[in-house]
Chemist: 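Shown below is the structure under consideration.
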Amino acid sequence: MPELPEVETTRRGLLKAVRGSTITGVTVRERRLRWPVPAELPHVLEGATVRDLSRRGKYLLWHFDHGFLLSHLGMSGSLTAYRQAPAPVPHDHLDLRFESGCVVRYHDPRRFGAMLWIQGTEPRHVLLDGLGPEPLMRGFSGQALYRASRHKRVAIKNFIMDARVVVGVGNIYASESLFHAGIDPRKPAGRVSAARYDRLADAIRKTLRSAVRAGGSSLRNYVGANGEPGHFQLATMCYDRAGEPCRVCRQPIRSLRQGQRSTFFCAHCQT
DNA sequence: CGAGAGTCCTGAAGGC
DNA sequence: TGCCTTCAGGACTCTC
């Protein structure tokens with residue numbers, strides 16, 4: 001479900017409710033996520049005040065005076081802030097209760113997400129080591145992609161989904177960005193020109209920015225922090241459109257599997 | 001080392 | 001209706 005725009009939408013939605021607020025209680029109903037929820041999590045969070053909520057790639061970092069809560073939504077996770085929480089439903093794995101009465105609830109049917117604790121004043125964690133540049137910040141450019149891609153035989157689509165290259169480009173936005181840049185997703189990364197990487201970097205920025213503006217994607221079951229679905233699915237050029245006519249040239253959109261993931265592209269517009 | 005496959009898990013959808 | 005297979009927004013970890 002969540003790619004960078006969904007995580008950013010979640011962050012913005014939660015920020016007003018949680019920044020400056022103190023946690024009064026933590027309920028863990030299911031510890032078995034991607035990694036076990038640390039047993040000490042309720043103890044370290046109760047009484048702590050959220051100083052900030054930031055994002056690194058698809059990770060959310062909750063800042064406290066003595067450490068950080070590192071959360072990831074995985075494939076099917078969501079974080080929702082309730083002024084008054086309804087009764088928990090299946091897969092509501094964790095609640096953060098605030099002194100205001102607000103409850104932030106983590107829901108994740110597939111349990112590929114994570115809730116981890118980083119002790120200390122620096123947000124250092126192996127999961128954050130080696131992450132590439134943020135696509136919506138300085139440091140990300142066509143030139144950076146070009147440099148990182150030399151001598152790489154991996155397909156360009158898999159290359160831009162590698163978090164060491166650039167963070168936050170998931171399966172939907174990888175296909176969409178390559179469509180906008182006119183690049184065949186099967187092309188070896190090392191054989192794409194610098195000029196085309198400039199186009200691709202622009203396409204990634206534009207695709208992600210417009211999805212953030214739209215409040216994230218709403219494919220299948222995405223809901224944001226306020227429970228509202230996103231609207232990105234209305235605008236996909238190729239993702240999930242196999243057999244349907246390309247919106248530019250009317251040739252049928254093709255699909256294939258790359259690294260166990262579905263890719264969608266237009267063989268006429270993308271070369 | 002790089003590249004590709006396997007893995008965790010539940011639920012929805014489609015075929016028969 | 002029911003059973004089975006396939007697929008789903010991620011990404012770490014293993015194998016070759």
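Below, read A as the first sequence line, B as the second, and so on, with proteins coming before strands; counting in each chain starts at 1.
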Chemist: Can you tell whether the side chains of A:D108 and A:R111 come within less than 4.0 Å, N to carboxylate O?
Modeler: no
Chemist: For A:D108 and C:dA8, give me the distance from atom CG to atom P, rounded to whole Å.
Modeler: 18 Å
Chemist: Please state how far atom CZ in A:R261 lies from atom P in B:dG4, giving the value in whole angstrom units.
Modeler: 15 Å
Chemist: Counting only heavy atoms not in A:R32, do more than 12 sit closer than 6.0 Å to its CZ atom?
Modeler: no
Chemist: Say you pick atom P in B:dC1 and the same atom in C:dA11; how far apart are they, in whole Å?
Modeler: 22 Å
Chemist: Scan the side chains in residues 113-122 of chain A for donor-acceptor partners under 3.5 Å anywhere in the protein, sequence neighbours excluded, and list what turns up.
Modeler:
unit_1: A:W117; atom_1: NE1; unit_2: A:Q119; atom_2: OE1; d: 2.8
unit_1: A:Q119; atom_1: NE2; unit_2: A:H66; atom_2: O; d: 3.3

Chemist: For residues A:R56 and A:P133, report the shortest heavy-atom separation together with the two atoms involved.
Modeler: NH1-C, 4.4 Å
Chemist: Take atom CD of A:E40 as the centre, draw a 6.0 Å sphere, and report whether it contains more than 12 heavy atoms from other residues, nucleotides or ligands.
Modeler: yes
Chemist: Can you tell me how far P of C:dA11 sits from NZ of A:K157, to the nearest Å?
Modeler: 13 Å
Chemist: Using Watson-Crick and G-U wobble pairs with both distances under 3.5 Å, what is the 5'-to-3' dot-bracket string of DNA chain B, with [ ] for crossing pairs and | for pairs outside the strand?
Modeler: .|||||||.|||||||
Chemist: Nearest whole angstrom, please: distance from the C1' of C:dC12 to the CG of A:N158.
Modeler: 16 Å
Chemist: Looking at A:I23, A:V44, A:L96, which one forms a side-chain contact (heavy atoms from CB on, under 4.5 Å) with A:L69?
Modeler: A:L96
Chemist: A:L116 has an atom CG; how far is it from atom P of C:dA11, in whole Å?
Modeler: 14 Å
Chemist: Does C:dA8 have its OP1 or OP2 closer than 4.0 Å to a side-chain nitrogen or oxygen of A:Y239?
Modeler: no
Chemist: Produce the list of close N/O pairs, under 3.5 Å, pairing protein atoms with atoms of nucleotides 1-3 of chain B; give distances to one decimal.
Modeler:
unit_1: B:dA3; atom_1: OP1; unit_2: A:R153; atom_2: N; d: 2.8

Chemist: Could you tell me how far apart A:L127 (CG) and C:dG10 (P) are, to the nearest whole angstrom?
Modeler: 16 Å
Chemist: What integer number of Å spans the P atoms of C:dC14 and B:dC9?
Modeler: 16 Å
Chemist: Classify A:F159 by what it touches in the nucleic acid, base, sugar-phosphate, or nothing, heavy-atom distance under 4.0 Å.
Modeler: nothing
Chemist: Please table the atom pairs, donor to acceptor, closer than 3.5 Å between any side-chain atom in residues 264-271 of chain A and protein atoms at least two apart or in another chain.
Modeler:
unit_1: A:Q270; atom_1: OE1; unit_2: A:C266; atom_2: N; d: 2.8
unit_1: A:Q270; atom_1: NE2; unit_2: A:L178; atom_2: O; d: 3.3
unit_1: A:Q270; atom_1: NE2; unit_2: A:I183; atom_2: O; d: 2.9

Chemist: Measure from NZ on A:K58 to C1' on C:dC12 and round the result to the nearest Å.
Modeler: 13 Å
Chemist: I need the CZ-C1' distance between A:R186 and B:dG4, as an integer number of Å.
Modeler: 18 Å
Chemist: OP1 or OP2 of C:dA11 sitting under 4.0 Å from any side-chain N/O of A:H72?
Modeler: yes
Chemist: Polar pairs (N or O, both sides) under 3.5 Å between protein and nucleotides 9-13 of chain B?
Modeler:
unit_1: B:dC9; atom_1: O3'; unit_2: A:R111; atom_2: NH2; d: 2.9
unit_1: B:dC9; atom_1: O2; unit_2: A:R110; atom_2: NE; d: 3.0
unit_1: B:dT10; atom_1: OP1; unit_2: A:R111; atom_2: NH2; d: 3.2
unit_1: B:dT10; atom_1: O4'; unit_2: A:P109; atom_2: O; d: 3.3
unit_1: B:dT10; atom_1: O3'; unit_2: A:H91; atom_2: NE2; d: 3.0
unit_1: B:dG11; atom_1: OP1; unit_2: A:H91; atom_2: NE2; d: 2.5

Chemist: Considering only C:dA8, C:dA11, C:dC12, which nucleotide approaches the side chain of A:Y59 most closely?
Modeler: C:dC12
Chemist: Hey, which of these two, A:G259 or A:R34, hits DNA chain B nearer its 5' end, going by closest nucleotide?
Modeler: A:G259
Chemist: Only one of A:E6, A:E8, A:E3 forms a salt bridge (Lys or Arg N to Asp or Glu O under 4.0 Å) with A:R55, so which one is it?
Modeler: A:E8
Chemist: For A:F179, which fellow cluster members are found when Ile, Leu, Val, Met, Phe, Trp and Tyr are connected by side-chain heavy-atom distances below 4.5 angstrom, either directly or through intermediates?
Modeler: A:M237, A:V248
Chemist: To the nearest 0.5 Å, what is the distance between NZ (A:K187) and CD1 (A:I156)?
Modeler: 9.5 Å
Chemist: Heavy-atom count around A:R29 CZ within 6.0 Å, excluding the residue itself: above 12?
Modeler: yes
Chemist: Where the side chain of A:Q260 is defined as all heavy atoms beyond and including C-beta, which of C:dC12, C:dA11, B:dA5 is the nearest nucleotide?
Modeler: B:dA5
Chemist: So does A:D184 pair up with A:R186, basic N to acidic O under 4.0 Å?
Modeler: yes
